[in-house]
Amino acid sequence: MTEGQTTATSPTGATTYADQRGRSNELFAQAATLAPAGVHHNLRSAAPFPLFYERGEGPYKWDADGNRYLCYAMGQGSQILGYSPPAVVEAVRKHAAFGIPGGSHALEIEWARLVGELIPSAERTRFLASGTEATMLALRLARAHTGRSTVVRVQGHYNGWHDYGLIGYRAPFDEAATAGIPDEVLATVRTIRSDLSPSELEEVFAGEDVAAVILEPSGASWGTVPLPSHFLASLRDATSRHGTVLIFDEVITAFRWAPGGIQSLTGITPDLTSLGKILTGGLPGGAVAGAAEILDLLRPDKSPREGYVLHHGTFNGHPVPAAAGIATLTGAASGEAQQAADGHVAALRAGLQEIVESLSIAGFAYGDSSVFHLYLQSPDGEVVGDVSPETMTTERYLAMPRSLIAALHREVRSRGVDLFSYNGGMASGAHGDAELELALSAFDGALRALVQTGVVATA
Ligand SMILES: Cc1ncc(COP(=O)(O)O)c(C=O)c1O
């Protein structure tokens, strides 16, 4: 198969899918003997096997068999300028020879200055090695600042995979989503629904025992379950009144929803912000940014009694991600890439909705900014009924069967389009009109196949 071709497919996509991806299948067989399930991130597992990718350029990526995909995963959301933007590639090339990880260097200053210019809450910035580390440090800072232990998380929101992040991530929300979390840790995390009223939110913090509340300001998993319009302002009010640190986890939304993230769009400024993904141009890294009064607890001239927060990390502020991050944030600062991505996805959502309606599918397309979600139901599911983005709840969203989601991924992949996790994706500034046509044609074919095979419910 040559570059640019998409694959032919049977109505279910099941036979030709594997045939046309023989090299990925071989690589998976090798990987599976070396790594658990052959992958290094649990969501990368895919049926019948995960694809192994070789390169990306603009809105496209190529797998090990040379198949090209129009990508809506975009490096798990990290590529707002498209894959391999020349300025980022050049910055990485130039600094690859800078062989001094683990020491201070001038790029850190330029990088932190850019973060401070773009992100409204960023009076100070501390770089670290991943988005998960960013949320973990933000929570420790909040506990040190307040002298309180309890952390509030919003049910269904993803804030990284550390112990605190995986309590309240999946139903049942009062249990940990993973084995290995001590009961003592569980006792320090309280979870709340995302549809609480202002007075209910007030009650959560009124006891003045909560160190921090952390959430995705887009709503769970980049807006799959949108927040009520009052939610962020109500949280800001209640947390300010009761001395709780408000943490916006903008690992996905910063530099995507707008160069300054959701906080710049809403004018609601959190005390701390966790950052990652686009921050580093897609290389490993992250940051906590926020109020100087809180970030300065990291200063080693303090003692633990004064709230000193110990934080190390060999690769914090590594020069290569720093160089990629500077090039990316410089390219993303004007907002043009975000506007192009938003425009592309708005047209994609509208086109998807038309397809869904024309096939009488019991579902809908929705989303904010440059992301889209396609809510579908299975014919034998419990959730068929009157569901819309306004009435979406975390439980309804999470009740979408895994098998249906896997079938959607496989059918669109068979037609040369790759999604992000669950039932949606996100675009970059490199996604244009030609890609829109390609995507809609792939979704049309995929959804027809899912209706024909009885995987998706029709109204
Ligand atoms: C909102 C949010 N917070 C935190 C993280 C964790 O970031 P990382 O995967 O870099 O550890 C993610 C990752 O997808 C995320 O989406």
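Counting starts at 1 for both ligands and their atoms, in listed order. As a basis for the values below, the full set of heavy atoms in this structure was taken, side chains included, without hydrogen atoms, waters or symmetry mates. Because the structure is predicted, anything quoted here is derived from the model rather than measured.
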Tell me whether ligand 1 is touched by Gly276 - counting only heavy atoms on the residue side and a distance under 4.0 Å.
no
If the cut-off is 4.0 Å to any non-hydrogen atom of Ile252, which atoms of ligand 1 fall inside it?
16 (O)
Ring-face cation of Arg21 near Tyr69 (centre distance under 6.0 Å, axis angle within 45°):
no
Contact region, Tyr158 to ligand 1, non-hydrogen atoms below 4.0 Å, reads both
By number and element, which atoms of ligand 1 are closer than 4.0 Å to a non-hydrogen atom of Ser130?
10 (O), 11 (O)
Measure the CG-OG1 distance between Asp271 and Thr244 for me, rounded to the nearest 0.5 Å.
9.5 Å
With rounding to the nearest 0.5 Å, note down the distance linking CG in Leu232 to OG1 in Thr266.
6.0 Å
Do any nitrogen or oxygen atoms of Trp161 come within less than 3.5 Å of a nitrogen or oxygen of ligand 1?
no
Please write down residue, atom name and distance for the protein heavy atom closest to atom 7 (O) of ligand 1.
Gly131 CA, 3.3 Å
I need the His145 NE2 to Ile294 CD1 distance, nearest 0.5 Å.
4.5 Å
heavy-atom search around atom 9 (O) of ligand 1 in the protein gives Thr132 OG1, 4.5 Å
Salt bridge check, Arg113 against Glu117: does any charged N sit closer than 4.0 Å to a carboxylate O?
no
Just to check, does Gln76 reach to within less than 4.0 Å of ligand 1 when the distance is taken from its heavy atoms?
no
Consider ligand 1: state whether an atom of it lies below 4.0 angstrom from any non-hydrogen atom of Lys277.
yes
Measure from NZ or CZ of Arg349 to the centre of the six-membered ring of Phe372, then state whether that distance is under 6.0 Å and the direction lies within 45° of the axis.
no
Taking atom CZ as the centre, does Arg241 end up with more than 12 heavy-atom neighbours from other residues, nucleotides or ligands that are less than 6.0 angstrom away?
yes
So CG of Leu215 and CD1 of Ile192: to nearest 0.5 Å the spacing works out to 8.0 Å
Geometric N/O contact Gly285 with ligand 1, under 3.5 angstrom:
no
At less than 4.0 angstrom from any non-hydrogen atom of Glu216, what atoms of ligand 1 do you find?
1 (C)
Among all the protein's non-hydrogen atoms, which is closest to atom 4 (C) of ligand 1, and how far away is it?
Asp249 OD2, 3.5 Å
